[in-house]
Amino acid sequence: MTQSSSSKVFGIGLSRTGTKSLTYALHQLGLHIAHFPDDPVTFHELSTGNYRFSLLDTQDGIADITVSSFYPQLDRLFPNSKFILTIRNRQDWLRSLEQHWANNPCFNDPNKQRPEDAIHMNIRQLLCKAVYGRYEFDRDSAIRTYEQHLSQVKQYFSGRSNDLLTLNICEGETCTTPPWHQLCQFLDKPLPKQTFPKVKERAELTTLLQTGNKGQWQSPSSRNSPLLV
């Protein structure tokens with residue numbers, strides 16, 4: 001069941017901070033979250049600055065860099081929404097991001113050569129430029145982006161602890177308060193029995209979302225059917 005049209009859940013952590021794991025965890029709590037949607041409608045809306053996002057007519061929220069820089073606009077457009085800032089040890093994050101960019105170049109990606117991949121590549125290029133300010137990995141630029149993002153998000157939501165959760169998924173059960181406890185308390189959801197998911201790859205998340213629903217998940221219409229990964 002989707003939330004009201006005016007209340008959503010947004011994962012606004014940067015790439016490689018556990019956004020796939022968060023997406024599936026939210027799914028296990030009954031929330032249908034799009035992770036890096038790459039459909040033509042979303043691309044057009046991003047390109048034109050329309051952050052109301054048609055897919056939110058059928059989804060409970062969006063996670064990853066699709067929305068990580070646009071939280072002020074989303075906060076205004078969807079009152080009473082919840083925002084989750086995933087974080088990670090900086091050195092681990094840098095290593096993961098560098099590997100991710102090396103394996104997924106913004107241009108001439110050998111894994112994205114089919115005509116149907118064009119929109120995905122266009123969105124990747126748009127968001128890498130918007131969020132990181134560049135198309136190729138640069139260590140100093142990346143760490144500045146990370147630190148500025150954390151600082152700006154926390155400043156924006158200062159005094160609004162009910163609206164923002166800062167969550168270190170990668171530390172998992174070693175946290176003083178484990179991720180499930182933090183997330184369920186923040187969203188007022190019952191605590192699941194299963195361990196908190198660890199999802200690293202796009203294909204893995206796709207499979208989990210497609211097979212882990214026990215018949216409960218209904219795909220949206222073809223016009224607004226982003227790949228939820």
Side-chain angles (χ1 to χ4, degrees), residues 8-37 59-71 74 81-101 103-104 127 131-132 142-143 145-154 156-157 160-209 211-213 227-229:
K8 301 294 179 180
V9 177
F10 297 106
I12 58 173
L14 296 179
S15 312
R16 316 310 295 175
T17 60
T19 59
K20 295 182 185 69
S21 298
L22 174 65
T23 298
Y24 190 56
L26 291 170
H27 184 78
Q28 290 178 298
L29 295 178
L31 298 169
H32 300 148
I33 306 296
H35 182 281
F36 198 90
Q59 305 295 298
D60 296 308
I62 306 173
D64 205 60
I65 62 171
T66 307
V67 293
S68 62
S69 291
F70 309 123
Y71 54 89
L74 295 168
S81 290
K82 298 289 189 178
F83 294 83
I84 302 168
L85 174 65
T86 45
I87 61 174
R88 187 175 183 180
N89 174 277
R90 284 164 173 74
Q91 295 306 313
D92 292 341
W93 175 76
L94 277 171
R95 284 192 292 269
S96 181
L97 186 70
E98 182 174 14
Q99 181 179 4
H100 176 67
W101 281 42
N103 295 336
N104 299 273
L127 290 173
V131 176
Y132 297 101
I143 196 64
T145 297
Y146 184 91
E147 292 175 347
Q148 288 173 0
H149 184 62
L150 265 61
S151 175
Q152 290 169 357
V153 170
K154 291 180 179 180
Y156 180 85
F157 286 101
R160 297 174 56 186
S161 59
N162 290 332
D163 300 329
L164 176 70
L165 171 67
T166 301
L167 186 65
N168 192 332
I169 291 172
C170 297
E171 288 188 357
E173 298 302 316
T174 64
C175 296
T176 303
T177 305
W180 268 137
H181 290 73
Q182 296 180 63
L183 189 61
C184 292
Q185 183 178 12
F186 180 64
L187 297 175
D188 193 24
K189 297 284 186 180
L191 194 66
K193 294 182 179 179
Q194 61 266 43
T195 59
F196 200 91
K198 295 181 179 179
V199 185
K200 296 183 178 181
E201 302 298 332
R202 178 182 175 89
E204 181 184 4
L205 180 58
T206 303
T207 299
L208 286 169
L209 292 176
T211 63
N213 305 294
L227 190 62
L228 302 185
V229 295

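- Pro37 places a side-chain heavy atom less than 4.5 Å from the side chain of Ile62.
- Inter-residue side-chain proximity for Phe36 and Leu127 is flagged as met; some heavy-atom pair is nearer than 4.5 Å.
- Phe196 is not listed as a side-chain neighbour of Gln182, based on a closest heavy-atom distance of 4.5 Å or more.
- Residue pairs meeting the side-chain hydrogen bond (donor to acceptor under 3.5 Å, both in side chains) criterion with at least one member in residues 145-154, sequence neighbours excluded, do not occur.
- Within 6.0 Å of atom CG in Asp188, 12 or fewer heavy atoms from other residues, nucleotides or ligands are found, so the atom counts as exposed in its surroundings.
- Side-chain contact check for Leu183 versus Leu26: some heavy-atom pair is nearer than 4.5 Å.
- Taking the six-membered ring where tryptophan is involved, the planes of His27 and His32 are tilted, since the angle between them lies from 30° to 60°.
- Ring pair Tyr71/Tyr156 is perpendicular by interplanar angle, where above 60° counts as perpendicular and below 30° as parallel.
- For the pair Ile169/Thr17, no side-chain contact is recorded, criterion being any heavy-atom separation below 4.5 Å from C-beta on.
- When all heavy atoms of Pro190 and Cys184 are compared, the closest pair comes out as O-SG, 3.5 Å.
- The backbone N or O of Asp64 lies less than 3.5 Å from no partner atom in the side chain of Thr19, so there is not a single donor-acceptor pair.
- With Phe10 as the aromatic partner, Lys82 does not meet the cation-pi criteria of under 6.0 angstrom to the ring centre and within 45 degrees of the ring axis.
- Test Arg95, Arg90, Arg88 against Asp92 for salt bridge (charged side-chain N to carboxylate O under 4.0 Å, His left out) and you get one pass: Arg95.
- Under the 3.5 Å distance criterion, the side-chain polar atoms of Ser21 are matched with a main-chain donor or acceptor of Val199.
- Judged purely by atom type and a 3.5 angstrom limit, Trp93 uses its side chain to pair as donor or acceptor with the backbone of Ser15.
- Side chains of Ile65 and Tyr132 form a contact here, defined as non-hydrogen atoms less than 4.5 Å apart.
- The minimum heavy-atom distance between Pro197 and Trp180, with the atom names listed, is CD-CZ2, 3.9 Å.
- Residues Ile84 and Ile12 are not in side-chain contact: their nearest non-hydrogen atoms beyond the backbone lie 4.5 Å or more apart.
- Residues Ile33 and Val9 form a side-chain contact, since some pair of their non-hydrogen atoms from C-beta on lies under 4.5 Å apart.
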